[in-house]
Trainee: 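Take this structure, written in structure tokens, and hold onto it; I'll ask about it next.
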Amino acid sequence: MEVNILAFGIAREIMGKQNLVLEIPNQSTVKELLEIIEMQFPKLKDLASMTIAINEEYVKEEREIKAMDEIAIIPPVSGG
Amino acid sequence: MEVNILAFGIAREIMGKQNLVLEIPNQSTVKELLEIIEMQFPKLKDLASMTIAINEEYVKEEREIKAMDEIAIIPPVSGG
Amino acid sequence: MIKITDQPINITEVIELVNASGAGAIDVFIGTVRNKTQEKQVTRLEFEAYDGMAVKEMQKIAESAKSKWPVQKIAIYHRKGVLEIGEVAVVIAVSTPHRKDAFEACQFAIDTLKQTVPIWKKEVFEGGEEWVSAHP
Amino acid sequence: MIKITDQPINITEVIELVNASGAGAIDVFIGTVRNKTQEKQVTRLEFEAYDGMAVKEMQKIAESAKSKWPVQKIAIYHRKGVLEIGEVAVVIAVSTPHRKDAFEACQFAIDTLKQTVPIWKKEVFEGGEEWVSAHP
């Protein structure tokens, strides 16, 4: 299935854009999605951390991706 | 000798005025001064604490009073 | 009383939001842009936010502070966009009946914000730039 | 940047006094008049100060904070006279490079002020009044 991914901060810079459309297998988990993304953008592996938020919430790695999910890549936060 | 004493807060209310002139023996210490004042205004003994400041500084009880000292009675402070 | 904004933050406005007649103490934390970090001269900062989620995470912090301390009111404002030296990046104001709780709740809020809220800061130096905390 | 005043305190003015380009953090404590203490309804407060000594003791607190933490600037303003509910009695602002120091130095300043600065507060209730902390 096709999913739409938002990227922020250094992840956005590494990926070259804020919005990315990716083709992933149905029933992929967050963990699997992360692996697919890192394969495509190996520089993301150098980050201190990288997590996924779905529908504006942090989620566990076992969470299954659904077609309508709003997916966001969250590199190490540094607000404040 | 004659000394001029400033009083604040509840001490001022107990003594009935902000400025008090007292006759004390020459070379009296702060401790002795406190005793003289408490004798004259027994209600001061009910306070949680009472100290003396001289020339705008906290002083030890052994400090000797001099004629030109600015003496102030400091009941428990409660600023802030 | 949670806001992400690309306009300068009005500190007085944030403080007035937490006024409460039962409060005896207000603690306010203001994060400003420093002119240096680890001996490098910073020219400016650029903040980027995942707005919707950042607001949600800030709301969680406010709820969590209220559950841990007797917080009367709490306000959290975060700036985004380009900030020059001395400008205000974040303001957190907390009102409580007694002062110890105000300090604790406010410190909890800024500490947690730095860990959980999806906002990113890029430091721009003379001849370089760096996303803060991005690399180990 | 120490002041005893019988006029309302301008919080913004106090905060601006501690602006410093090397500061990344400002903590501000604001003490306001609560509407109750130990379940009694407070009508107003009356603050009395031994002005000259109070300023000296506040200066000592500022110096002491600077010796204990990397304080860039510190300002302490205290109001005196009659204060209504919600009015500001004291404002302390501290700027430091990092936030933990700002919180600690500011909390130290207000805690010490309450112990050493010769200022006295009378609470006025419906049908009574009481000098705070006067009696054991």
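The chains referred to below are lettered A, B, ... by the order of the sequence lines, with proteins before strands, and numbering in each begins at 1.
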Trainee: Between C:Asp27 and D:Ile110, is there a side-chain heavy-atom distance shorter than 4.5 Å?
Mentor: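 Of all side-chain heavy-atom pairs linking C:Asp27 with D:Ile110, none is under 4.5 Å.
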Trainee: Specify which of C:Pro97, C:Gly31, C:Gly86 makes the most heavy-atom pairs with chain D at under 4.5 Å.
Mentor: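 Among C:Pro97, C:Gly31, C:Gly86, the one with the most close pairs to chain D is C:Pro97.
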Trainee: Is there side-chain contact between D:Arg34 and C:His98, with heavy atoms separated by less than 4.5 Å?
Mentor: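 Counting from C-beta outward, D:Arg34 and C:His98 do come under 4.5 Å.
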Trainee: Is C:Thr32 reaching over with its side chain to a backbone N or O of D:Ile26, donor-acceptor style, under 3.5 angstrom?
Mentor: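 Judged by distance alone, no pair lies under 3.5 Å.
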Trainee: Check this for me: C:Glu126, atom CD, are more than 12 non-hydrogen atoms of other residues, nucleotides or ligands nearer than 6.0 Å?
Mentor: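 No - once you tally the heavy atoms of other residues, nucleotides and ligands closer than 6.0 Å, there are 12 at most.
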Trainee: Contact part of D:Ile92 toward chain C, heavy-atom cut-off under 4.5 Å: side chain, backbone, both or neither?
Mentor: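 Contact with chain C involves no heavy atom of D:Ile92 at all.
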Trainee: Please determine whether a side-chain nitrogen of the Lys or Arg among C:Arg99 and D:Asp111 lies less than 4.0 Å from a carboxylate oxygen of the Asp or Glu.
Mentor: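 D:Asp111 and C:Arg99: salt-bridged.
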Trainee: Name the region of D:Asn35, side chain, backbone, both or neither, that has any atom closer than 4.5 Å to a heavy atom of chain C.
Mentor: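 For D:Asn35, the contact with chain C is made by backbone and side chain together.
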Trainee: Would you say C:Thr12 and D:Ile11 make side-chain contact, with heavy atoms under 4.5 Å?
Mentor: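 In short, these two side chains do not touch, never coming nearer than 4.5 Å.
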Trainee: Between D:Ala25 and chain C, which part of the residue has a heavy atom less than 4.5 Å away: side chain, backbone, both or neither?
Mentor: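 D:Ala25 touches chain C through backbone and side-chain heavy atoms alike.
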